[in-house]
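Let me begin by presenting the structure, written as structure tokens, before commenting on it.
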Amino acid sequence: MATTQRLNHSTKVIVTAALTGAVTTKQNNPHLPTQPKEIAEAALRCYEAGAAMVHIHVRDDDDSASMRFDKFEETVRLIRDTGCPVLLNLTSSGGQGFSWEERIRPFKELKPELASFDAGTMNWLNSVVFMNEPKFLELCGQEMIAANVKPEIEIFDMGMLNTAKYYLKTGVLQAPAHFQLCLGAPGGMEATTENLLYLVNHLPEDCTWSTFGIGRGANEITLAALALGGNIRVGLEDNVYYNKGVLAEGSEQFIGRVKRVAAEFGKELATPDEARAILGLSRC
Ligand code: ZN
């Protein structure tokens, strides 16, 4: 049996709030923020609830999935203008069918602390191909290095982890890497403790990691992450229900739960500055 590695004995847990995503709709949950002002307000509420980082997608005027630069620009400005120190993590996918330029421009020009880097192509939700072809990933990684934006490497299955390790070797990604282990998306690995443990045991040395579960396995993954010393993502992008049949009142509600359970483990939620130190971010 594999030895469990990379136990993090830090008493701090970085919570990332995934506010909007590309798939969830207001019909799924009316609290979903979709326009810049709503997203910025949700980001502030999540920061006040204990999130150190917010993961941001934007939507078009009709709330459909979008990579519109002006929407990112407005959202980032609204958050930064408040002086809120929460770390910003912009998506580099935003949905399906966007051009490489549309996917790269937001992090390249707005320079968030982090941006997502999806380490492979997959059949997304058994409906469409989520394209992340090698040439795009090479360009994306190089642009993140040039912009001094740390990639949050999204891993949906074991093959993607191997791909990320390949890019760490070739220099498309740089150590220490930060991983987001995304479990429970149809087309990827299921949200189970067994799968999380497997991925954690195969992470490269010298990295940090966070995780979340979509759907039924969400709470299980939160508890397993705390037990394994990981960081945690929550929010309406990943789950619209707080509990079975009970709609969440906002992403901040999930943060309250993580904070309470973390306290039972003797842990506290990291502040943005503590998260910067844990993630080795050179910028402040
Ligand atoms: Zn996302």
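One-based numbering, in listed order, for ligands and for the atoms of each. These figures come from a predicted structure and were not determined experimentally.
- Ion pairing between a basic and an acidic side chain is recognised when a charged N comes within 4.0 Å of a carboxylate O; R216 and E190 show no such pairing.
- When you scan the N, O or S atoms of E237 for the one nearest the Zn ion (ligand 1), you land on OE2.
- Q35 and D63 form a side-chain donor-acceptor contact under 3.5 Å, judged by distance and modelled atom types alone.
- For a distance bound of 2.8 Å, the N, O or S atoms of E154 include none lying that close to the Zn ion (ligand 1).
- The shortest heavy-atom contact between L137 and V172 is O-CG1, 3.5 Å.
- Counting only distance, with no hydrogens or angles, the side chain of R59 and the backbone of G21 share a donor-acceptor pair below 3.5 Å.
- The Zn ion (ligand 1) is the vertex of the angle joining NE2 of H57 and NE2 of H55, which measures 100° to the nearest 10°.
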